Amino acid sequence: MGHLCRPWTGAPFLGRGRPLTAPAAAGPLVRLLGDKLGDATSHLWTDEDTVEVQVPGDRIVETLRTLRDDPEFAFFFQADAAAVDYGVGEHFEVVYHLHSDRHPTWLRIRVPVDRQTPVTQTVTGLWEGAMFHEREMYDMMGIVFEGNRDLRRIYMSPDYRSFPQRKDFLLPDDAADSPAAGNMPLERPETWDLTRLEDAAAHRDEPGGPV
Amino acid sequence: MTTTKKPASRRRAPPEDEAALRATAEGRIRDPLELEEAAALDGPEPGVVSTRPEFYGFDIVPPPDRPPQTEREREVYTLGDGEMLVNMGPQHPSTHGVMRIVLKVRGEVVIDLDPVLGYLHRGIEKLCENATYTTVMTYVDPMDYMSAMHNEHAPALAFEKLYGIKAPRRAEYIRALVVELNRVFSHGLMMGFLALDLGGLTPILYGFINRDQVVDLLSAISGQRMLFNFFRVGGVNFDVNDEFLSRLGTWRAGVLDTIEMNEKLLTENEIFGARTKGMGVLTGQQAIDLGVTGPNLRASGVPFDVRKAHPYPPYPELEFDVITQQGGDTYARYMQRVAELKQSIHLIDQIVDRMPHGPVQAQVPGIIRPKPGRAYAAVESPRGLYSVYAISDGGPNPYRFRMRDPSFISLQAVPKLMPGRLVADTMAVMASFDPVMGGVDK
């Protein structure tokens with residue numbers, strides 16, 4: 001499997017330089033976004049069934065509220081909220097997918113989040129159902145949602161310290177063929193306890209220890 | 001028929017001792033020495049005052065010994081007067097998998113509850129990010145194991161969008177055929193499981209008659225009973241074969257009777273109605289806010305169906321309506337399942353009638369490297385909106401592979417509905433949302 005894998009250094013080219021192609025179905029929504037939310041949105045891009053915009057992190061709640069409550073948008077339903085890690089030295093991204101009965105396409109909203117201080121605003125005030133999404137993003141990526149009143153780990157145990165969906169969390173097995181294979185599968189380098197790495201045999205049975 | 005007289009010795013003999021008689025009649029006042037002796041025998045240790053009432057047959061959990069992390073956790077784990085925490089799960093039969101619910105109860109009444117997830121967490125998203133696009137199909141199968149075909153459908157659509165190809169028309173029809181069969185399997189079992197959680201054993205047996213026939217059908221076309229690995233990027237693995245078609249005919253001839261047997265047992269059943277009608281009412285607005293989708297949302301009167309709202313082939317070519325119920329309670333969610341089950345059989349008839357000829361697999365290499373880009377694809381699974389968001393960076397495996405599982409999100413509705421209800425009704429409401437823990441925990 002070695003030839004299939006490559007080291008996960010950052011992926012800076014993702015999400016840049018996309019040309020705007022607006023199929024007929026997405027046209028009204030594209031115009032409406034330009035008219036009403038032109039100052040909050042950027043990087044507009046569409047494909048055959050999605051319209052995609054980027055919104056800065058400090059304006060996400062007001063933008064989503066406009067999209068939900070404005071009868072011309074009427075994006076009443078939040079279909080998905082996901083976090084993406086673009087690698088060490090890059091940024092995180094929180095991605096919302098919204099549905100409206102007035103528009104035939106999905107609306108995808110990308111919110112960049114700083115990777116060093118991963119803090120953004122919660123949207124649980126708009127959709128209560130975002131709670132489990134945000135708890136999952138916190139658990140898996142370590143993104144902190146300000147204002148969320150139940151930001152606990154949801155899959156991992158409460159004393160777990162790593163964020164497994166990050167790109168610098170490497171799988172310990174051969175399939176990943178990662179530089180850390182067989183050593184320390186976990187977490188952020190600044191939290192690594194290097195003494196445990198040196199004396200792997202003594203710490204082998206500890207939770208979170210070397211595999 | 002002979003009647004036997006009760007023997008006289010069964011009756012309690014009157015106490016002969018006069019002192020004992022007086023003690024029973026007017027209550028004895030014990031002297032302090034006797035009290036101490038009694039305490040030494042079976043009472044609590046001196047100095048320890050237990051404020052919690054003792055219940056037998058439940059597992060009483062103490063609050064966690066660490067400080068609460070969030071406001072909500074403090075709210076759940078702070079006990080008021082006469083309240084206690086009771087564990088349900090992680091291996092309780094009505095949790096539909098391995099899930100733990102911490103119930104805060106006062107007597108028999110639920111005050112609050114906190115679902116504890118993660119017992120089945122396998123990190124499927126991470127595994128898929130380290131697998132090639134084709135091998136992703138093998139990882140998503142055991143996620144929501146009651147609807148494995150739907151689990152494969154959304155990644156196949158997303159990867160095709162990334163790669164810029166379309167499946168042949170016959171492959172699209174075969175896909176729709178197997179996912180509708182899978183929906184029949186899932187909804188049919190849900191009817192049985194709901195009855196099982198209310199204490200009725202028979203419907204699950206009838207449900208399994210239908211389910212085993214469908215599993216045999218799907219195994220005839222894909223070669224696997226439950227983890228099918230049937231979908232491919234650009235088509236499906238196999239065309240329909242003779243065995244599948246003959247089994248389909250047999251199944252179709254008898255399936256409505258099997259469902260009717262179950263319906264006769266449940267729909268008009270007074271006990272079933274008393275336990276489910278008006279129980280756990282979820283309004284449409286609440287359901288939208290909580291992200292509840294699928295039959296659970298439509299049972300609250302919101303006509304949102306991904307097959308209509310964001311149609312994927314071949315559903316634009318098929319004739320069906322979005323069914324809704326107005327009740328929003330457990331009974332409405334059950335009725336919604338029954339209606340959709342019949343609708344799926346109707347769709348299967350249409351698909352078999354209209355299935356075009358042609359290839360079932362586009363010419364796609366085993367290892368694909370889509371251009372950098374993003375794609376989102378959603379399908380209507382038996383539990384609601386199941387979607388995949390895939391990002392390609394030009395390599396042979398997805399850079400990011402995100403799955404939105406409907407039962408994970410729908411589970412948030414249960415803590416909203418349960419306060420003020422009885423402990424036994426928790427199971428009915430849970431079962432009516434039909435969560436599958438393999439999907440919840442990913």
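Below, chain A is the first sequence line, B the second, and so on; all start at residue 1. The figures that follow rest on heavy atoms only: side chains count, while hydrogens, waters and symmetry mates do not. The shown structure was predicted, so the numbers you read here are calculated from the model rather than taken from an experiment.
Atom CZ of B:Arg72 is separated from atom CZ of A:Arg135 by 9.0 Å, given to the nearest 0.5 angstrom. Separating the CG atom in B:Leu411 from the CZ atom in A:Phe132 is a distance of 5.5 Å, to the nearest 0.5 Å. For the atom pair OG1 of B:Thr293 and NE2 of A:His99, the computed distance is 11.5 Å after rounding to the nearest 0.5 Å.
Here B:Gly291 is the residue among B:Pro311, B:Gly291, B:Ala378, B:Gly384 with the most heavy-atom pairs under 4.5 Å with chain A. For the set B:Ile409, B:Val302, B:Val116, the count of heavy-atom pairs under 4.5 angstrom toward chain A peaks at B:Ile409. Heavy-atom pairs under 4.5 Å with chain B peak, among A:Gln78, A:Arg108, A:Met131, at A:Arg108. The most heavy-atom pairs under 4.5 Å with chain B, out of A:Asp85, A:Thr50, A:Asp101, come from A:Asp85.
Contacts between A:Asn148 and chain B at a heavy-atom distance below 4.5 Å are absent for every atom of the residue. Only the backbone of B:Ala375 comes within contact range of chain A, with at least one heavy atom under 4.5 Å from a heavy atom of that chain. Heavy atoms closer than 4.5 Å to chain A are found in the side chain of B:Asp114, but not in its backbone. Residue B:Leu117 touches chain A through both its backbone and its side chain, counting heavy-atom pairs closer than 4.5 Å.
Taking the centre of each ring, B:Tyr119 and A:Tyr155 stay at or above the 6.0 Å mark.
Between A:Glu136 and B:Lys442, the closest side-chain pair of non-hydrogen atoms falls below 4.5 Å. B:Arg404 is not listed as a side-chain neighbour of A:His97, based on a closest heavy-atom distance of 4.5 Å or more. The closest side-chain heavy-atom distance from B:Tyr376 to A:Glu52 is not below 4.5 Å. The closest side-chain heavy-atom distance from B:Phe408 to A:Ile154 is below 4.5 Å. Between A:Trp127 and B:Leu290, every side-chain heavy-atom pair lies at or beyond the 4.5 Å cut-off. Side-chain contact between B:Arg400 and A:Gln165 is present, with heavy atoms from C-beta onward closer than 4.5 Å.
Within 6.0 Å of NZ in B:Lys308 there are more than 12 heavy atoms belonging to other residues, nucleotides or ligands. Remark: A:Lys36 NZ is packed, more than 12 non-hydrogen atoms of other residues, nucleotides or ligands lying under 6.0 Å away.
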Note to self: Run the side chain to side chain contact (heavy atoms under 4.5 Å, CB included) test on A:Glu128 and B:Gln286 for me, step by step, so that the C-alpha distance in whole Å, both residues' side-chain angles and the decisive distance to 0.1 Å come before the verdict.
What the structure shows: CA-CA 9 Å; A:Glu128 245 180 313; B:Gln286 253 183 329; 5.9 Å; no
Next item on the list: Check the pair A:Met140, B:Lys126 against side chain to side chain contact (heavy atoms under 4.5 Å, CB included), reporting the backbone distance first and the verdict last.
Entry: CA-CA 10 Å; A:Met140 293 288 128; B:Lys126 187 80 176 177; over 6 Å; no
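Using the six-membered ring where Trp is involved, B:Tyr399 and A:Tyr86 have ring planes that are parallel, under 30° apart on the 30 and 60° scheme. Classification of the B:His310-A:Trp106 ring pair by plane angle, with boundaries at 30° and 60°, yields parallel.
Using modelled atom types, no side-chain atom of A:Arg152 and backbone atom of B:Glu73 make a donor-acceptor pair closer than 3.5 Å. In this structure, the side chain of B:Gln412 engages the main chain of A:Gly129 through a donor-acceptor pair within 3.5 Å.
Using a 4.0 Å cut-off between charged nitrogen and carboxylate oxygen, B:Lys161 and A:Asp49 count as a salt-bridge pair.
Taking every heavy atom of both residues into account, B:Thr70 and A:Asp150 meet most closely at OG1-OD1, 3.0 Å.
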